[in-house]
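These figures come from a predicted structure and were not determined experimentally. Order of listing sets the numbers, starting from 1, for every ligand and every atom in it. Only this structure's heavy atoms are used, side chains among them; waters, hydrogens and symmetry mates stay out.
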Amino acid sequence: MSQNDITPQRPAKEDYKRIATEEAFAPPDLFDMYRKVLADGKADAGFTSLWAFYLSSDAARPQHIRKYIQDLDTARLAHMDEAGIDIQVLSLTSPGVQVFDADTAVSYARTANDYLAEAVRRHPTRFVGLAAVAPQNPAEAAKEIERGATQLGMKGIIVNSHTQGEYLSDPKFWDIFAAAEAFDMPIYLHPSTPPPKMIEPFMEAGLDGAIYGFGVDTGLSALRIITAGVFDRFPKLQLVLGHMGEALPYMAYRLDYMHRATVAANRYESMKPLKKRPSDYLRENFYVTNSGVAWEQAIRFAQEFMGVDRVMYAMDYPYQHVLDEVITLDNMNMATHDKKAFFQTNAERVFKIG
Ligand code: CA
């Protein structure tokens, strides 16, 4: 499978808009800040593995990413037109501000959100923004969610899995969920590399990044949110998971069985009874996107499990910028209504577009 070859073939105009929901950008100074974190030796092994590679590798794919991730105008719009993407839902690239100290994270989240809001104002029919927040300071994160919703026109929130080894399942972060629920802002729980306690065996095998470590850590992050009882406390809260739900839909039966058995055995203090089964929360409090997975079988399974209204399209530009994948997805053997829900109407509803 090609990673970043742009084929000359262009997707045909279809009877739906294509809204890509997990598309990355980086403000011009972010890479310098990441270089400084790397130079200071302050980053964890995962960040160092990921960003030392993307910031310096001469391979074609990292070069393509470096060249285009900062563009929020001509080049990006040309790529969108070429691929038939009508709208990108944009978010600050992983791990966003979550690698910084708390004060830097709070202030840079504001800076990045202002920068993104300005790009959305320049191209209001092509871009939709998700607000970055700093979980390092949950009260400030909650304020930034309010500012994003009420002043910047943001349509959701981006959080990258853990924050320096701490997961949102810890109640100290729950101001973020309270604000997201209050302002009706979905949280896109995007991957980052596994934290230090987890990453060593992944790194030994080269599996710490998007190939596998991202999904394992982010699936864990989502599952911890479920088992901690977050959705019993915030029943209207909605999360979005990329990469076909980080494999959780596929595991739902076993999650339900073993959660029930573990709670019944009173095995862990941390695993309390929930009002519903883990699979119920997956179906009622999560959306999934197919970012990085242009694979009809997986998409159809997710639609069957979650419901057609809970599965959305994402390209993962510029990390996985492959025109052939758009054509593959256009050609899915799927009822027109369901395909339109996948590409267009679910995203319009979830992110209040149009
Ligand atoms: Ca991504």
Side-chain angles (χ1 to χ4, degrees), residues 1 3-4 18-27 30-31 34 46-47 49-51 53-55 57 61-62 64-72 76 79-80 83 85 87-99 112 116 119 127-133 154-163 186-194 207-222 239-248 286-295 298-299 302 311-322 325-326 329 347 350-351:
M1 213 181 288
Q3 283 289 310
N4 63 335
R18 298 186 193 86
I19 302 176
T21 56
E22 191 201 298
E23 317 308 309
F25 81 99
L30 183 70
F31 286 175
Y34 280 1
F47 179 90
S49 172
L50 187 73
W51 279 102
F53 169 70
Y54 279 125
L55 289 174
S57 169
R61 185 169 162 274
H64 182 84
I65 292 161
R66 283 200 300 277
K67 185 169 177 190
Y68 293 112
I69 197 167
Q70 295 184 20
D71 186 284
L72 286 171
R76 183 178 294 249
H79 280 158
M80 289 167 66
I85 303 300
I87 296 172
Q88 282 193 345
V89 179
L90 291 161
S91 49
L92 182 64
T93 196
S94 179
V97 302
Q98 290 166 252
V99 69
L116 175 55
F127 293 155
V128 168
L130 304 184
V133 297
M154 297 288 177
K155 302 302 180 75
I157 303 151
I158 181 89
V159 177
N160 302 288
S161 190
H162 69 90
T163 304
I187 299 175
Y188 204 120
L189 191 66
H190 185 277
S192 58
T193 43
L207 293 170
D208 48 301
I211 186 172
Y212 192 62
F214 274 25
V216 172
D217 180 64
T218 310
L220 172 70
S221 193
L239 266 55
V240 184
L241 286 173
H243 318 99
M244 299 319 311
E246 314 295 359
L248 293 181
F286 285 84
Y287 293 87
V288 308
T289 82
N290 80 309
S291 53
V293 187
W295 190 14
I299 293 165
V311 183
M312 299 186 284
Y313 169 64
M315 176 182 274
D316 208 2
Y317 179 92
Y319 290 98
Q320 194 159 329
H321 179 199
V322 185
E325 293 186 345
V326 181
L329 295 169
V350 172
F351 298 111

Derivation and outcome, ring-ring contact (aromatic ring centres under 6.0 Å, His included), residues His243 and Phe214: CA-CA 10 Å; His243 318 99; Phe214 274 25; 7.5 Å; no
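- Nearest N, O or S atom of Glu22 to the Ca ion (ligand 1): atom OE2.
- Ring pair Phe47/Tyr34: centre-to-centre distance below 6.0 Å.
- Taking the centre of each ring, Tyr188 and Phe351 stay at or above the 6.0 Å mark.
- Here the side chain of His190 pairs no donor or acceptor atom with the backbone of Pro95 at under 3.5 angstrom.
- Residue contact annotation: Glu23 places no N/O/S atom under 3.0 Å from the Ca ion (ligand 1).
- Nearest N/O/S atom of Asp316 relative to the Ca ion (ligand 1): this is OD1.
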